[in-house]
Amino acid sequence: MSSQLDLRNTARVGLLAGVITLGVSAVGMLESFDKRDLIIGLLTLGQLLLFSAPFAAGFLVTRGEDKVDTGEAVVGGAVAGALTAVPLIALILLTLAAPNIRNSLVNVSPELISLLSLGASEIVGSLLLLVGMAVLGVAGAMFHVLPDAIRKPLISGLGWMLGFAILSEVSLNILRPILGRGLMRALFGTKGITPLLAAIIFVVAIGLTIWWSKGGQQRYEDRKAAMSEEQRKQSRRISIGVGIVSLLILPIILGTYLTEVVDNVGLFILMGLGLNIVVGFAGLLDLGYVAFFAIGAYVMGILTSQGDLGIAGMSFWLALPIAVGAAVLAGVTLGIPVLRMRGDYLAIVTLGFGEIIRVLATSDLLKPYIGGAQGILQIGKPTIFGFEMVKPIHFYYLILAGVGLAVFVASRLRDARLGRQWMALREDEDVAEAMGIHLVSTKLLAFGIGAAFSGLAGAIFSARLSSIFPHSFNLLISINVLSLIIVGGIGSLPGVVVGALVLVGLPELLREFAEYRMLLYGALLIAMMIARPEGLWPSPITKREFHAAEEEEALGGVQ
Amino acid sequence: MALLEVNDIHTYYGNIHALKGISLTVEKGEIVSLIGGNGAGKTTTLRTISGLITPRSGGVAFDGADISQYRAHQLVSKGIAMVPEGRGVFARLSVTENLNMGAYHRNDKDGIAEDLEKVFQIFPRLKERRTQVAGTLSGGEQQMLATGRALMSRPDLLLMDEPSMGLAPVLVEATFETIETINKEGTTILLVEQNAHMALQVADRGYVLQTGEIVLSNTAKELQRDPTVQKAYLGIE
């Protein structure tokens, strides 16, 4: 054989997948995920997690090889899959040998063992698991062997089916008013989709993919190429119009609960857009960003509250500019002492600033004014022409307007002179100064404008909940906002939206994840840094930076 | 009236008296070289003129107006541009983006496009590489880029800090040729150089700095013939 399968790598990948799955089981994630049906009676989320491990191991073993022959794929996949099962089998046997294991590993419950041994007895189950995982490993490895014509439809079929099943709650909410009760029952269960719907989605996705690759795509591109400049502009206008209209009717389709989720995502988008100016545009790492959110929220609270702590009883609209102004002032105030700091030092000082604000909010010192740990209650709701905004759907439009404004401001600033100054500052502070860029005003404007968006988000947040407590403004918010920028793509406006949807929206929809949210955040961030460090929707500069090496190779090839 | 008049400036780094009363003039259209050894205060003089450091006393007049208390950002729009030491390009940005950055304070789109063409004419090499990321350029190309970027602000006076530093001999020659070209197109240049030989060859006049003071000043031709300069800076015994 000319190209020997790398056995060490195979063993490593297989065992690694097994150990990860073991860890996921031992913290109780697998078991709690098992309570969530994906396809009723066939597949739970826990099972999907369990089975994807050997599949991924087999997939990784053959990835990167130029040419994989079938024999190698089968052997490699089987070995990797079987090795994935080994740590799990060890766990099953351990419970046989030491029934008291639960004293130290609380999450190793009989339910987990039964899930791992696929419902059979321990010994038989272990064998089943070994064989099953080996088979899945082979399936994963075979993905590289299959011709494109089969692989692509298969991927899209499985992907759509599983994606739909995982997000079944969304489609359930949307379709319930449209479809009749009988039809709903045929397609959806309480926590998943029925095998019938799964089969329909699978078949339709496969059919569409085949149609697309067999001429659909060609025809679409031909038609696009044949369009005149005027027609192209028109079709652009139409798609923008459709986008706006769908944003406007979105909450009506989504229903109350999902609109609330979207409201939350929207507030994080607003904060993300602000922090993106500071971190993404100007390159100033700010870890205390939650402070401005808190200031916006508290100022709004004090000014509009009808309770004991309210001092002005102002209307929302009157208090809004004051809240935003207070945040800007705080941003600039923080900016002045840190003007000379860079990188790590800046991060630490801003981190401290965020904590100071939180500690102040909880402190007894300010308790008579802002309520200490009891927070501020009875915060006023915004009204428009006598109409009081109370429901999530009302706040949806308020937040949408805020996000729209923020996107507009951020994108205009990015392309303006100030944006160039920020860019120069981010790229090289010394060169920027030598070029005659005023570092002081450039930095303070970044801090101030960034804080404004966060203050706006905070003000809306406090009106939406009508009561605020200091523990809502902890470090995790800062970290969340920073993470969503990184996941979306640092410095990229659409990246902020994508990042917020993934990091804030998805966990809300998958409440099974809630307990393991931080674990999954960590895993996702690590995976992103390895597989796609530039983010999901990167800005052109970041994209180029991470692909500079490839570009150079390409240039070298030409020369 | 001289374009630039530096009158008895004293600059301090903390307690260190770095410039002890420097006076010099640059006439419109000239190339003037400041030469001297390490630590003589050449770069400090440039940084003081460009507003990166404020002198404790003394005056700097540009085009007749006192600029000694101006900061760097105010001077760029007044017509003073600086090519920093060690080239200093924005490594992650492309060549064109770097050049456009030089014109960040300007609003005349047509003028900027025109100047970009002009820079590409002076440095055809940059045109070839305009989409390349600046960090991947060679040392000589980065020097061209830093110079081109300074030109994009359409300066009347160009301050250049050690343009030949770290360049191969053949590139040093080319660098000084472009300095002459730029000068012929109408930009006045104040040049700081350790390579006294080349600096005096292109310059009209020169000043010799030593530990924060000007010890000699004359036309470049005379300085080249001066025995102390020959001995100390030109390596001629």
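Just so it is clear: chains get the letters A, B, ... in the order the sequence lines come, proteins before strands, and each one is counted from 1.
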Please state whether the side chain, the backbone, both or neither of [X] comes within less than 4.5 Å of a heavy atom of chain A.
| X | answer |
| --- | --- |
| B:Ser94 | both |
| B:Asn98 | neither |
| B:Leu93 | both |

Could you give the distance from CG (A:Asp430) to CD (B:Glu85), rounded to the nearest 0.5 Å?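 A:Asp430 atom CG to B:Glu85 atom CD measures 11.5 Å (nearest 0.5 Å).
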State the CD-CE distance between A:Glu427 and B:Met101, to the nearest 0.5 angstrom.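 Reported value, rounded in 0.5 Å steps: 7.0 Å.
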Enclosure of [X] [atom1] (heavy-atom neighbours >12, cutoff 6.0 Å):
| X | atom1 | value |
| --- | --- | --- |
| B:Lys20 | NZ | yes |
| B:Tyr13 | OH | yes |
| B:Tyr70 | OH | no |
| A:Arg417 | CZ | yes |
| A:Asp415 | CG | yes |

Short question: side chain of A:Arg420, backbone of B:Tyr104 - any donor-acceptor pair under 3.5 Å?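 Not confirmed, A:Arg420 side chain does not pair with B:Tyr104 backbone.
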Would you indicate whether the side-chain heavy atoms of [Y] and [X] approach each other to under 4.5 Å?
| X | Y | result |
| --- | --- | --- |
| B:His105 | A:Ile437 | no |
| A:Met435 | B:Val76 | no |
| A:Val440 | B:His73 | no |

Selection from A:Ala416, A:Ala432, A:Ala434, A:Ala424 maximising heavy-atom pairs under 4.5 Å formed with chain B: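 Going by pairs under 4.5 Å, I would pick A:Ala424.
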Starting from the C-alpha separation in whole Å, work towards a yes-or-no answer on side-chain contact (heavy atoms from CB on, under 4.5 Å) for A:Arg426 and B:Arg92. CA-CA 10 Å; A:Arg426 180 188 67 206; B:Arg92 295 200 314 164; 3.4 Å; yes
Where is the tightest heavy-atom contact between B:Phe90 and A:Val431, given as atom of each residue plus distance?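 Shortest heavy-atom contact: CZ-CG1, 3.8 Å.
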